[in-house]
Amino acid sequence: LNKFTERSKQILNSVQVLAMMQNHQLLQPLHLLNGIVEDDDTVSLLLVPAGLDLKAIKSGIEKELKKIPVVTGSSGGISASKEFVVTLEEAKKISKQKGDEYVPVENIFEAIITTDKNLLKLLQNNGFNLSKFKSALETMRKGQKVTNANDDANYESLKKYTIDITEKARNGKLDPVIGLMKKLDV
């Protein structure tokens with residue numbers, strides 16, 4: 001886990017908590033997908049631009065989670081299923097192919113849709129478009145490599161923390177009070 005970004009580690013932690021709260025004995029890729037869908041940055045930068053209906057996918061994931069067998073009374077803890085491990089290994093492989101030193105959330109998501117065709121179908125049934133996702137991913141990454149554990153937290157940071165006044169002016173949404181002082185002084 002030391003080669004995962006901080007956001008990825010947070011999602012992996014939330015996945016374990018979810019499995020524990022629902023009395024699931026094995027971590028599944030579905031738990032990972034749920035954790036990613038709950039991550040606001042990933043949703044706003046990748047999943048919504050890919051056409052995903054957020055409300056519908058959350059409902060679909062919830063239905064699928066209820067199908068996972070529940071184990072009570074056991075203190076054996078939670079283990080990773082074979083599919084979960086394969087997904088994380090695929091995420092590491094994707095990261096290596098992209099030249100990333102750490103595994104960001106989007107590479108885990110790519111691994112999920114690569115290794116689990118049922119989850120890909122679930123996503124597609126809820127509006128997800130693979131080509132739109134790849135386009136959004138390229139736009140978000142802009143060719144950047146993930147070289148430290150916090151790089152994926154910096155995507156689109158200008159959009160997160162600033163207001164594009166030029167864009168507002170183009171769209172006619174700039175406050176008309178700016179520049180009004182000259183008119184009033186006359």
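Atom set for the values below is all heavy atoms of this structure, side chains included, hydrogens, waters and symmetry mates excluded.
For residues 59-70, the side chain to side chain donor-acceptor pair (under 3.5 Å) pairs, not counting sequence neighbours, are Glu64-Lys67. Counting only residues at least two apart or in different chains, salt bridge (charged side-chain N to carboxylate O under 4.0 Å, His left out) contacts with residues 114-132 are absent. Sorted by first and then second residue, the pairs that involve residues 79-89 and meet salt bridge (charged side-chain N to carboxylate O under 4.0 Å, His left out), not counting sequence neighbours, are Glu89-Lys92.
The shortest distance between side-chain heavy atoms of Phe133 and Leu46 falls below 4.5 Å. With a 4.5 Å cut-off on side-chain heavy atoms, Val70 and Gln22 do not count as touching. Inter-residue side-chain proximity for Ile108 and Ile94 is flagged as unmet; no heavy-atom pair is nearer than 4.5 Å. Asn13 places none of its side-chain heavy atoms less than 4.5 Å from the side chain of Gln10. In this structure, Leu137 and Glu110 have side chains that are in contact, with non-hydrogen atoms separated by less than 4.5 Å. Counting heavy atoms from C-beta on, the side chains of Asn2 and Tyr102 never come closer than 4.5 Å. Looking only at side-chain heavy atoms (C-beta outward), Ile11 and Val15 come within less than 4.5 Å of each other. Proximity of Leu123 to Ile57: side-chain heavy atoms (C-beta onward) are separated by under 4.5 Å at one or more points.
Taken together through direct or relayed side-chain contacts under 4.5 Å among Ile, Leu, Val, Met, Phe, Trp and Tyr, Leu33 and Met20 form part of one hydrophobic cluster. Neither Val86 nor Leu32 shares a network with the other; the hydrophobic side chains, linked directly or stepwise wherever heavy atoms of I, L, V, M, F, W or Y lie under 4.5 Å apart, form separate groups for each. Val48 and Val105 end up in the same hydrophobic cluster when Ile, Leu, Val, Met, Phe, Trp and Tyr side chains are linked at under 4.5 Å. Hydrophobic clustering (ILVMFWY, side-chain heavy atoms < 4.5 Å, transitive): Ile113 and Val85 are in distinct clusters. The hydrophobic cluster containing Leu30 does not contain Leu26, counting ILVMFWY residues as joined when their side-chain heavy atoms lie under 4.5 angstrom apart, directly or transitively.
In this structure, Leu120 CG and Thr114 OG1 are separated by 8.5 Å, a value rounded to the nearest 0.5 Å. To the nearest 0.5 Å, the span separating CG on Asn34 from CG on Asp39 amounts to 11.5 Å. Atom CG of residue Leu12 and atom CD1 of residue Ile36 lie 8.5 Å apart, to the nearest 0.5 angstrom. How far CG of Leu52 is from CD of Gln124: 11.0 Å, rounded to the nearest 0.5 Å. If you take NZ on Lys134 and OG1 on Thr139, they are separated by 14.0 Å, rounding to the nearest 0.5 Å. To the nearest 0.5 angstrom, Leu130 atom CG is 11.5 Å from Ser135 atom OG.
Heavy atoms from other residues, nucleotides or ligands lying under 6.0 Å from NZ of Lys96 number 12 at most.
Scanning all heavy atoms of the two residues, the minimum distance from Ala111 to Ala91 falls at CB-N, 3.4 Å. Between Gly99 and Lys145 the shortest heavy-atom distance is O-CD, 3.6 Å. Residue Pro29 comes nearest to Thr87 through the heavy atom pair CG-OG1, 3.6 Å, listed as atom of the first residue, atom of the second, then distance. Residues Val103 and Ser8 approach most closely at O-OG, 2.7 Å, considering heavy atoms.
The aromatic rings of Phe109 and Phe128 stand perpendicular to each other, their planes meeting at an angle above 60°, with 30° marking the opposite boundary.
Remark: Glu106 does not engage Arg7 in a salt bridge, criterion side-chain N to carboxylate O under 4.0 Å.
Checked by atom type, the side-chain pair Asn107/Ser95 shows a donor-acceptor distance below 3.5 Å.
Partner His24 forms a side chain to side chain contact (heavy atoms under 4.5 Å, CB included) with one of Ile78, Val71, Leu65 and no other, that one being Leu65.
For the pair Lys9 and Phe4, the cation-pi criterion (under 6.0 Å, within 45° of the ring axis) is not fulfilled.
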